[in-house]
Amino acid sequence: REMFQDIANYDRMLNERITFITPKLTETIPFARDNLYIIAAYTGSGKSTIAANVSYSLWKEKKKSLVISNEESKTDILMRIACIENACSFNTYKKGLMDHNVKIQCMALFSDISRYVKVVDVSFKNGMTSKLEGIKNLLEEVKDVDFSCVMIDYYQQIKKSTENSK
């Protein structure tokens, strides 16, 4: 009976899978709620870009995602997603080389993106995202919220604990 329930749960998960960046990647990776996926790489390898691309796909489908960031600001994350929509380079923005009109076009999307992409960055509640208890409390708060996906960008920065200083 338990195994039949496991199979039914797995089938439900597959039927409810969400877009993982592109239809082809979604076909390959059964990206779904109630599962844990870890994408690990060195700094500068594209983890934040992946988070932005996942958030972008879900935003376009009007599904909610949560990005917990210990590296980038809320503005940077929203700009990454807006740059995908406007087919422009986020790196150009970061280097201060983005055309003013393109920047305005990107910023005009922030309101709509924010309706579906919630960002909790390192400045949230005095840096709670860098504390183990802060992350735990945040995840507890959102577990019953209708997020299709919760991503922690830069997990390595969660290195403090108020309960266990060691």
List the steps and the verdict of side-chain contact (heavy atoms from CB on, under 4.5 Å) for S114 and L78. CA-CA 8 Å; S114 294; L78 296 178; 3.5 Å; yes

Within-4.5 Å side-chain heavy-atom neighbours: K63 and F147: no

I113 CD1 to I77 CD1 distance, which is reported to the nearest 0.5 Å: 11.5 Å

Please find the pair of heavy atoms, one from V117 and one from W59, that lie closest to each other, and give the distance. CG2-CB, 4.2 Å

Cluster question for you: counting only ILVMFWY and a side-chain heavy-atom cut-off of under 4.5 Å, with indirect links fine, are L97 and V102 together? no

Would you name the heavy atoms of T75 and Y93 that are closest together and state the gap between them? CG2-OH, 4.1 Å

Honestly curious: do Y10 and M3 fall in one hydrophobic cluster under the side-chain, below-4.5 Å linking rule? no

Over all heavy atoms of both residues, which pair between M107 and M79 is shortest? Give the atoms and the distance, please. CG-CE, 4.1 Å

Do the non-hydrogen side-chain atoms of T92 and D99 ever get within less than 4.5 Å of each other? no

Just so I know, are the side chains of K62 and Y116 near enough to count as touching, which here means a heavy-atom distance under 4.5 Å? yes

Starting at CG of D112, measure out to CD of E85 and round the result to the nearest 0.5 Å. 9.0 Å

Within a strict 4.5 Å, meaning less than it, do heavy atoms of the C83 and S89 side chains meet? no

Here the pair of heavy atoms bringing S55 nearest to M151 is OG-CE, 3.2 Å

Let me see the working for S148 and S65 under side-chain contact (heavy atoms from CB on, under 4.5 Å), right down to the final yes or no. CA-CA 6 Å; S148 293; S65 63; 5.9 Å; no

What verdict does the side-chain contact (heavy atoms from CB on, under 4.5 Å) test give for R80 and Y56, after you've listed the backbone C-alpha separation in whole Å, the side-chain angles of each residue and the deciding distance to 0.1 Å? CA-CA 9 Å; R80 277 183 182 274; Y56 172 79; over 6 Å; no

With no hydrogens and no angle check, do the side chains of N101 and Q105 hold a donor and an acceptor under 3.5 Å apart? no

For side-chain contact (heavy atoms from CB on, under 4.5 Å), just list the numbers for I81 and F110, CA-CA rounded to whole Å, side-chain angles, deciding distance to a tenth of an Å, and then say yes or no. CA-CA 9 Å; I81 297 165; F110 283 13; over 6 Å; no

Do NZ/NE/NH1/NH2 and the carboxylate oxygens of K94 and D76 come within less than 4.0 Å? yes

Identify whether the distance between the nearest side-chain nitrogen and carboxylate oxygen of E71 and K47 falls below 4.0 Å. no

NZ (K64) with more than 12 external heavy atoms under 6.0 Å: no

Value rounded to 0.5 Å, distance of OG1 in T49 from CD1 in I84: 7.5 Å

Please answer whether the main-chain N or O of C88 pairs with a side-chain N or O of N86 as donor and acceptor at a distance below 3.5 Å. no

